[in-house]
Amino acid sequence: MQLIIFLIKQSNICTTMGKGITKRSEDYSAWYNELVKQADLAENSPVRGCMVIKPHGYAIWEKMQAVLDQKFKETGHYNAYFPIFIPKSYFSKEASHVEGFAKECAVVTHYRLKNNPQGEGVIVDPEAKLEEELIVRPTSETVIWDSYKNWIQSYRDLPILLNQWANVVRWEMRTRLFLRTAEFLWQEGHTAHATKQEAEEEAIQMMHVYADFVENYMAVPVLRGVKTESERFAGALETYCIEALMQDGKALQAGTSHFLGQNFAKAFDVKFADKNGKLEYVWGTSWGVSTRLMGALIMAHSDDNGLVLPPKLAPTQVVIIPIFRNADELEAIAEVANQLVADLRAQDITVTFDKRDTYKPGWKFAEYEQKGVPVRIAIGPRDLANNQVEVARRDTKEKQAMSLEGLAAAIKILLDDIQQNLLVKALAFRKENTSYVDSYNEFKQVLEEKGGFIYAHWDGSAETEELIKNETKATIRLIPLEEGEPGTCMVTGKPSKQRVVFAKAY
RNA sequence: CGGGAUGUGGCGCAGUCCGGUAGCGCACUCCGUUAGGGACGGAGAGGUCGCAGGUUCAAAUCCUGUCAUCCCGACCA
């Protein structure tokens, strides 16, 4: 009996392979690229390294934004907007900051075009050269701290808790849709505080806000920790981060939160008078997540049939597909379907009733599967006769007949179950792909054969970190927050306070 | 910026070696049959072969230049 079920499942898979995508096992990278396009999330733009985010992809991003925005507001932050252009001179004010971003900045040098006097087209008007070039923001610390200088005089002006939703540009050499694009969308929080402790607490808080979002909405488990000095954000004293594991065993940095110390306050001369009238530099943080989260979402759950979305972030949670031969049949089905739509909406479930007669049911099944709609309900004449519907869940691809009686409530429970199942599956995968090693040879072997997160002892030096990176391409993803057992470095044998997490990363 | 490759209807490709006036699959339009996992048949529409020169009676094809994109490295959310 089990064998028969297995065969049926196999044949189902085969029939959907007609316009399928490359399997993960064959070429993970190709699978990802094809999936992004097939699921209608995004495509390459005419400009190298930039992407067009298509409606379905953008709808998912909007869901993410909505949840995050609410969380930011709940933690006391306000949204604001600063300009996309930053005067070049601002970048020279914080030395390590410019070091970190100079190599990937887009620069505006002119403000006018004119018709080409030599012939076709337009040229940049050489007369219209800017006095000072403008940098297209790669991040906004500099322009924001320049404003903070004017906004902050007294301890009464603090804290300032701002966030902005924006696009930024980093001229990357190699790009991939969502994971690394020359222009990307993100949010960047920028806060200013009177004390070191408060700023540190803010940075840590936001790391936890991110982790909570990624785990409870994206259903992707993350490790929390701090970056090593060499992986730290340019201009930060401490970078808190969350790291997720993708299905190919590589790590993805899902969010970062930086404790900036007084670096930017000093660079932009932002001081405040404390209660004793003494002038002090302001303490700062910055934190961000980007459309890269889309990449994490895709790579964490999706399968060889296409996108798999957690219900909490799916723009459409349920699709209803009628199966009919003629207008009369459709009418009978629509009566039931419309009632079901109303019932589902009453439960705050987003639902689409796709009664188009321009596409066949099989085509629609494949289409919604590829786009990751969590639950599909099919209703045909046979179902109407039995007062039931066929319900299929995207995550496990299981199908079952369900009674129309109390269906909306049952679907609500099913959606919760899918959300939960995705996280459980991802947690199990991470557990399977997490290793503890004590020798460098073992480390190399595990990295080569299995990948994943590897906990190992490290002597704390940048030299050893660099050596491991050069020899194995693995980097220290983070130093866990919780105190660990001391040991000895797997490479040098020098003492180590605790294990750190290594992985190959995106 | 080093190494490799590719530019031909909307997409994916063949044709290039050996010059002879452009073809296949998908998608698209119309008609009919179909409809519980990406239907079938028939009839159509759509391309200055990346761009600029050159050779030739004749160039997608040969030569020169140029631009762009992709992949592998160094760099990065």
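Quick caveat, the model's predicted, so the values are computed rather than measured. Chain letters run A, B, ... following the sequence lines, proteins first, then strands; residues in each count from 1.
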Evaluate the ring planes of A/F233 and A/H258, with Trp represented by its six-membered ring, and classify them as parallel (under 30°), tilted (30 to 60°) or perpendicular (over 60°).
parallel

Using a cut-off of strictly less than 4.0 Å, decide whether A/K360 has a side-chain nitrogen or oxygen near OP1 or OP2 of B/A39.
yes

With a non-hydrogen cut-off below 4.0 angstrom, is A/R376 in contact with a base, only sugar-phosphate, or nothing?
base

Over all strands shown, is A/E172 touching base, sugar-phosphate only, or nothing at heavy-atom distances under 4.0 angstrom?
base

Could you check whether the rings of A/Y217 and A/F213 sit parallel, tilted or perpendicular, using 30° and 60° as the cut-offs?
parallel

Phosphate OP1/OP2 of B/G36: any A/R382 side-chain N/O under 4.0 Å:
no

Using the six-membered ring of A/Y506, assess whether NZ or CZ of A/K250 lies under 6.0 Å from its centre and within 45 degrees of the ring axis.
yes

Answer with base, sugar-phosphate or nothing: what part of the nucleic acid does A/T181 contact at a heavy-atom distance below 4.0 Å?
base

Provide the distance between the two C1' atoms, one in B/U29 and one in B/A68, to the nearest whole Å.
33 Å

Quantified in whole Å, what is the C1' atom distance between nucleotide B/U55 and nucleotide B/U61?
13 Å

Using atom P in both nucleotides, what's the gap between B/G44 and B/G65 to the nearest angstrom?
46 Å

Using the P atom as the point on both nucleotides, what is the distance between B/C75 and B/A52, in whole Å?
40 Å

By the 4.0 Å heavy-atom rule, please label A/L179 as base, sugar-phosphate, or nothing.
base

Whole-Å P distance, B/C62 and B/C71
26 Å

Check every strand shown and say whether A/D383 touches a base, only sugar-phosphate, or nothing at a heavy-atom separation below 4.0 Å.
base

Taking the same atom, P, in B/G4 and in B/U8, what whole-Å distance lies between them?
22 Å

Mind telling me whether A/F184 and A/W186 have parallel, tilted or perpendicular rings, with 30° and 60° as the class edges?
perpendicular

Need one value for A/F184: base, sugar-phosphate or nothing, where a base atom within 4.0 Å counts as base even if backbone is also close, heavy atoms only.
base

